[in-house]
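Below is one structure, written out as structure tokens; the observations come after it.
All figures in this text were calculated on a predicted structure; none of them were measured in a lab.
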Amino acid sequence: MNTSRLIVTQRLPVDAPEALTTALAVLRAGGLVVLPTDTVYGVACDPWNVQAVARLYAAKVRPRELAIPVLVASPQDVALVAGDLPAGFADGVARFWPGALTIIVPRRPDLPDIVTAGQQTVAVRMPAHPQTLTLLRLAGGVLAVTSANRSGEPASATADDAYEELSGKVDLLLDGGLCPGGAASAIVDLTAMPPRLVRPGPLSAAELRAVWPGLLE
């Protein structure tokens with residue numbers, strides 16, 4: 001597959017009657033879908049389709065040593081991509097999901113290496129966005145999703161920004177207007193001891209320490 005080919009990017013309102021069924025068909029065919037979340041726009045693919053993940057890297061011009069996060073439809077769906085969950089995971093999920101927190105946990109060995117950049121961890125998040133959660137459920141509970149922008153550029157908070165960044169590189173854009181958060185999620189690594197704040201975001205360190213008192217910045 002030519003991962004750098006230019007394609008015609010279809011654009012649909014995320015609440016259009018055909019939007020989610022169209023997106024599901026694109027994902028099942030190995031395509032890329034830009035979708036809104038509660039934080040910023042993401043570009044999604046089937047994490048089990050290695051060629052689709054390679055297309056995602058190419059569309060973003062993303063270095064292969066940077067892993068792709070995974071969005072989940074529910075906390076239970078984390079088990080589809082993660083192994084033994086660290087202590088404190090359930091408490092963090094109960095407090096902050098769905099929402100603007102990504103948690104790094106041990107990966108399952110059958111998750112393709114291209115998703116995790118060969119690392120033994122995977123970053124997971126449950127977004128607080130109704131249509132995207134529905135699409136995640138329709139897709140089986142998990143999608144590989146990273147911000148809808150070229151690598152090194154600012155994350156896209158609007159559909160127009162995402163379209164400008166990735167038009168011609170993705171198959172479909174679901175237009176949800178302005179993302180309410182407008183900033184990428186916080187990231188906490190629970191495979192570190194003590195847990196580590198990898199990226200600050202909408203949740204403050206003080207809020208996160210309510211669950212993980214020993215959190216390092």
Within a strict 4.5 Å, meaning less than it, do heavy atoms of the V53 and D46 side chains meet? no
Given the rule that I, L, V, M, F, W and Y join up when any side-chain heavy atoms are under 4.5 Å apart, are L136 and I103 in one cluster? yes
Look only at the side chain of T39 and the backbone of G181, and say whether a donor-acceptor pair between them is shorter than 3.5 Å. no
Residues V43, V145; criterion side-chain contact (heavy atoms from CB on, under 4.5 Å); working and verdict: CA-CA 5 Å; V43 55; V145 184; over 6 Å; no
Do you know the tightest heavy-atom contact between V211 and G88? CG1-O, 4.4 Å
L12 versus A19, closest heavy-atom pair with distance: CD1-CA, 4.0 Å
In sequence, state the C-alpha distance, the side-chain angles, and the governing distance for D171 and R55, and then conclude on salt bridge (charged side-chain N to carboxylate O under 4.0 Å, His left out). CA-CA 11 Å; D171 301 276; R55 279 193 61 199; 3.0 Å; yes
Pair D189, T191 - check side chain to side chain donor-acceptor pair (under 3.5 Å), show working. CA-CA 5 Å; D189 185 355; T191 69; 2.5 Å; yes
Indicate if V122 and W48 have the same hydrophobic cluster label, given that clusters are the connected sets of ILVMFWY residues with side-chain heavy-atom separations under 4.5 angstrom. yes
Show me the pairs that pass ring pair (Phe, Tyr, Trp, His ring centres under 6.0 Å) and involve residues 70-125, at least two apart or across chains. F89-W97
Would you give the length of the straight line joining atom CG of L32 to atom NZ of K169, rounded to the nearest 0.5 angstrom? 11.0 Å
Counting only heavy atoms not in R199, do more than 12 fall under 6.0 Å of its CZ? yes
Exercise: identify the closest heavy-atom pair between A205 and L197: CB-CD2, 4.3 Å
Can you find a heavy atom in the side chain of M126 that is under 4.5 Å from one in the side chain of V93? no
Would you check, one step at a time, whether the test side chain to side chain donor-acceptor pair (under 3.5 Å) holds for S185 with T102? CA-CA 6 Å; S185 67; T102 297; 2.8 Å; yes
Minimal heavy-atom distance between P202 and A186, with the atoms involved, is CD-N, 3.8 Å
Return the OG1 to CG distance between T116 and L66, rounded to the nearest 0.5 Å. 12.0 Å
Using the rule that two of Ile, Leu, Val, Met, Phe, Trp, Tyr join whenever any of their side-chain heavy atoms come within less than 4.5 Å, decide whether L85 and V70 are in one cluster. yes
Using side-chain heavy atoms (C-beta onward) and a distance below 4.5 Å, is S156 in contact with S147? no
How long is the span from the CD atom in Q51 to the SG atom in C45, to the nearest 0.5 Å? 11.5 Å
Any heavy-atom pair between the side chains of L172 and R11 that's under 4.5 Å? no
Taking the side chain as everything from C-beta on, heavy atoms only, tell me whether P36 gets closer than 4.5 Å to H129. yes
Where the side chain of R62 meets the backbone of A67, is there a donor-acceptor pair that is under 3.5 Å apart? yes
Looking at E164, is its backbone amide N or carbonyl O close enough to the side chain of S167 to form a donor-acceptor pair, meaning the two atoms are under 3.5 Å apart? no
Looking at every heavy atom in both T37 and P127, which two are closest together, and how far apart are they? CB-CB, 4.3 Å
Does a side-chain N-to-carboxylate-O contact under 4.0 Å join R64 and D113? no
With a 4.5 Å heavy-atom cut-off, do V34 and L166 have their side chains touching? yes
Are L203 and V124 connected into the same hydrophobic cluster when the rule is that any two of I, L, V, M, F, W, Y join if their side-chain heavy atoms are below 4.5 Å apart? yes
For Y57 and I114, run side-chain contact (heavy atoms from CB on, under 4.5 Å): C-alpha distance rounded to whole Å, both residues' side-chain angles, the deciding distance at 0.1 Å, then the answer. CA-CA 9 Å; Y57 274 104; I114 191 172; 3.8 Å; yes
Counting only heavy atoms from other residues, nucleotides and ligands, does the tally under 6.0 Å from CD of E153 exceed 12? yes
Are P47 and P112 close enough that some pair of their side-chain heavy atoms sits under 4.5 Å apart? no
If a pair satisfies side-chain hydrogen bond (donor to acceptor under 3.5 Å, both in side chains) and one of its residues is in residues 205-217, list it, with sequence neighbours excluded. S204-E207, R209-E217
Determine the minimum heavy-atom distance between L143 and A44, stating which atoms define it. CD1-CB, 4.2 Å
Rounded distance (nearest 0.5 Å) linking atom CG of L111 with atom CG of L80: 10.0 Å
Judged by atom type as modelled, is there a donor-acceptor pair below 3.5 Å linking the side chain of K60 to the main-chain atoms of N149? yes
State, yes or no, whether a side-chain contact exists between T132 and T134 at a heavy-atom distance under 4.5 Å. no
Atom CD1 in I104, atom CD1 in I187: separation rounded to 0.5 Å? 6.0 Å
Go through the steps for L208 and V188 under the test side-chain contact (heavy atoms from CB on, under 4.5 Å), then give the verdict. CA-CA 9 Å; L208 295 167; V188 169; 3.9 Å; yes
Main-chain N/O of L178 paired with Y41 side-chain donor or acceptor, under 3.5 Å: no
Assess the residue pair D161 and E165 against the criterion (side-chain contact (heavy atoms from CB on, under 4.5 Å)); give the C-alpha distance rounded to whole Å, side-chain angles, the decisive distance to 0.1 Å, and a yes or no. CA-CA 6 Å; D161 290 341; E165 286 286 303; 5.6 Å; no
Give a yes or no answer on whether the side chain of D77 reaches the backbone of S74 with a donor-acceptor pair at less than 3.5 Å. yes
Do V61 and V115 share a hydrophobic cluster, counting only Ile, Leu, Val, Met, Phe, Trp and Tyr and linking them when any side-chain heavy atoms are less than 4.5 Å apart? no
Is D84 salt-bridged to R107, going by a charged N under 4.0 Å from an acidic O? no
How many angstroms lie between atom CZ of R125 and atom CG of L101, to the nearest 0.5 angstrom? 8.5 Å
